[in-house]
Amino acid sequence: MGQDLTGLGLNLNSQENLHPTFAGPFADQPCRAQDIEHNVPPEYLVN
Amino acid sequence: CDDPPGLQEKTEYLLKDWFQIYFTQINGRDPVKAFGMFINKMNMYGILKTDDMITRFIRQGTQFCIELSYRNLNDPQISQGVAKTKIFQCIDAYVRLIALLVRHSGDVGNPNMKINLLNKVLGIVLGILLQDQELRSTSFQQLGYHRFFIMLFLELSAPDPVLENLMLNIVTAFCHTYHLLNPSTAPGFCYSWLELISHRVFIGRILAQIPQQKGWSMYSQLLMDLFKYLAPFLRNAELAKPVQLLYKGTLRVLLVLLHDFPEFLCDYHFGFCDVIPPNCIQMRNIILAAFPRNMRLPDPFTPNLKVDMLPETATAPRIYTDYVKNIQPLMFKKDLDSYLKARAPVTFLSELRGHLQISNEPGSRYNIPLMNALVLYVGTQAIIHIRSKNLVPNMTTIVHSAHMDIFQNLAVDLDNEGRYLFLNAIANQLRYPNSHTHYFSCAVLYLFVEANSEAIQEQITRVLLERLIVNRPHPWGLLITFIELIKNPVYKFWEHEFVHCAPEIEKLFESVARSCM
Amino acid sequence: PLGPSPLHKEHQFQFQMMEAAYYHLPQPCDSEKLTTYLHRQPVQTPLHYPQTQLPHSDTVEFFQRLSTETLFFVFYYMEGTKAQYLAAKALKKQSWRFHTKYMMWFQRHEEPKIINDDYEQGTYIYFDYEKWGQRKKEGFTFEYKYLE
């Protein structure tokens, strides 16, 4: 019967594109906001 | 071999010096200044004197990083987490150096030097990986190489006006490398490879940001590499865990593509179906279910849906695979064309099976790419032929033609295995509303109603049914064909014995019928 | 009717290599830049803990509902990410302003006593990330050249 493809951790009904938060082929959750690199002003790089 | 004496020591000294600079500068306000000073030092050590010396330095530097990876991964004293952090710090620093060398080599107006250096670096790492895999066999570890490739791609994808202009060249260089590193060649690297080609930044670049879809063909090549590798393992239904993980990862990638880039799957479906094993029903359905986002599909269960009235059925789908080249040998193609043109010589039909059958080995008797190409080619020629008479393909206009002679001959003359592949080749064209879907839907229904044996009708039913009973998604063209088969009394579907061959089958048909009514 | 097909010799070698690789799979953090804190490394938590992300958790609206302290935590511990970017936007919507020299967030406690083209001076609340707390600062001069 194949798999229930809705159970692979991808929000297939999302209005947004999935690839910008795609966490990879072996992850069953999309990336969270803290996983996604973002171009912040260099001053924010406090560390 | 034959490195100048002392090169390895020099390389290590320079790398450690660079690591020092990198870590003190890590979020430095001016990394390029630090890099400029370091370049002078590399010059002093004669590293940048010739192409050959740069090549040697990069090979030494890569080997230094890989050996450091293995040392840390195999050190029982430290945890995997600590080992990884040490490995990543070293490789990230090394990658930053490489990225800066690529970014600043040659003057701004001369991108070739940058891209040549990038290709050289990728080729060196590729060579070391393949040699390492061969030497270490099952002790091979992908981590260092994985880190190198992904970080170098992320560094070269950072917002930078010079690199932005080189994005197609950069992506091409990585695609070329990943193609050479395909899982059949580097099975020890297969999981990392799938991670790399499906990384969100890589997919975004190659499928979305590069203009005019110039990355699509390269990406289809990488997916073909993946399907070719998986095929022999997927042919045997029970999947070992390592295969299952890679297969599940492939499904995730295909779902992302189906959701974000359906037109990509539409355009390259033919090549993918050539290499996906015929028993991978659901994976193939994901590809066949794709339809252009600007297209609205009428509900297949709409009563009295007049498919041939849909405007889309007049338009041929884009097929970017050069499938005609698979119709070999040339003599066969010539005979085929002359038969299509003049419906002669009649011997062509009786020789057809001989061209398609390549062995007597059960399960691999037939040339699948040839079968797929022949069916699509004959079908497209049929549409052209019908249109040339100012007609449109339908149940009346597709009959009594050289094209249908060929299909009917294949239906009758092939054995079970061959006919299964033949019917699959047709069913692979049942996709979103377009002229191919419409023609092949009529063709398979015509083969059903004209079949001279119930076995053929049963096999047609099986081929359609096995694609419908798997979990979603289901291609639109498949649904409308099956609904027509079970609804239209002209096919006398319910009178066939095989429809009642077992209670659960009968129930299944009735449940499908109920959802249709 | 195709049935299983025997694996050829080369496929068996490929399977062995794949199986070996299966025992040291790439982890999510292998594909992410090193971060100072909070690597992208999923950890199995008790199943009664929420296992999926809260819906819309990557929108400014979601971040605007977070407490100020939470926003500061996200800002300083998830730097270089979309979360930091969203936290900064949410802070600004609550009239916090980032001082690029002290790298701290300031909020006017009352109307400044002096305002001119170069700076404003008055009493502010600021978030001290070293002592991890909000402090009041009187007579502070906020030079606009440090306003992000």
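Here the structure is a predicted model, which is why all the values come from computation and not from measurement.
Atom NE2 in C:H39 sits 5.0 Å away from atom OG1 in B:T85 (nearest 0.5 Å). Distance check: C:E10 CD to B:S184 OG gives 7.5 Å after rounding to the nearest 0.5 Å. Taking OG1 of B:T138 as the reference point, atom CD of C:Q16 lies at 7.5 Å (rounded to 0.5 Å). Rounding to the nearest 0.5 Å places NE2 of C:H24 at 9.5 Å from OG of B:S192.
For a residue to count as touching a neighbouring chain, one of its non-hydrogen atoms must lie under 4.5 Å from one of that chain's; by this rule B:L421 touches chain C with the side chain only. C:F15 touches chain B through backbone and side chain together, each having a heavy atom under 4.5 Å away. With a threshold of 4.5 angstrom between heavy atoms, B:L196 does not approach chain C through any atom at all. Neither the backbone nor the side chain of B:Q80 comes within less than 4.5 Å of any heavy atom of chain C. There is no contact between B:S139 and chain C, counting heavy-atom distances below 4.5 Å. Residue C:Q41 does not touch chain B at all, counting heavy-atom pairs closer than 4.5 Å.
No more than 12 heavy atoms of other residues, nucleotides or ligands shown are found within 6.0 angstrom of NZ on C:K93. Applying the 6.0 Å contact sphere to CD of B:E134 captures no more than 12 heavy atoms from other residues, nucleotides or ligands. Counting heavy-atom neighbours within 6.0 Å of C:K33 NZ, excluding the residue itself, gives a total above 12. At most 12 heavy atoms of other shown residues, nucleotides or ligands fall within 6.0 angstrom of atom OH in C:Y85. Annotation: C:R135, atom CZ; neighbour count of heavy atoms from other residues, nucleotides and ligands within 6.0 Å is above 12. Atom OH of C:Y37 has more than 12 heavy atoms from other residues, nucleotides or ligands within 6.0 Å.
In terms of heavy atoms, B:V243 sits closest to C:M18 at CG2-CE, 3.6 Å. Contact record, B:R235 with C:G3: NH2-O, 3.2 Å, taken as the closest heavy-atom pair. Contact detail for B:H146 and C:D30: the closest heavy-atom pair is CD2-O, 3.8 Å. Between C:S31 and B:L154, the closest heavy-atom pair is O-CD1, 3.9 Å. Of all heavy-atom pairs spanning C:M17 and B:G188, the tightest one is CB-N, 3.7 Å. Nearest heavy atom pair, residue C:P26 against residue B:E195, reads CG-CG, 3.8 Å.
Put simply, of B:P277, B:S364, B:P187, the one with the most heavy-atom pairs under 4.5 Å next to chain C is B:P187. If you tally non-hydrogen atom pairs under 4.5 Å between each of B:Y229, B:Y191, B:F149 and chain C, the highest count goes to B:Y191.
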### Message
Using side chain to side chain contact (heavy atoms under 4.5 Å, CB included), reason through B:N279 and C:L2 one step at a time and then give a plain yes or no.
### Response
CA-CA 8 Å; B:N279 61 308; C:L2 298 182; 5.7 Å; no
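When each of B:R147, B:K84, B:R200 is checked for a salt bridge (Lys or Arg N to Asp or Glu O under 4.0 Å) with C:E32, only B:R200 meets the rule.
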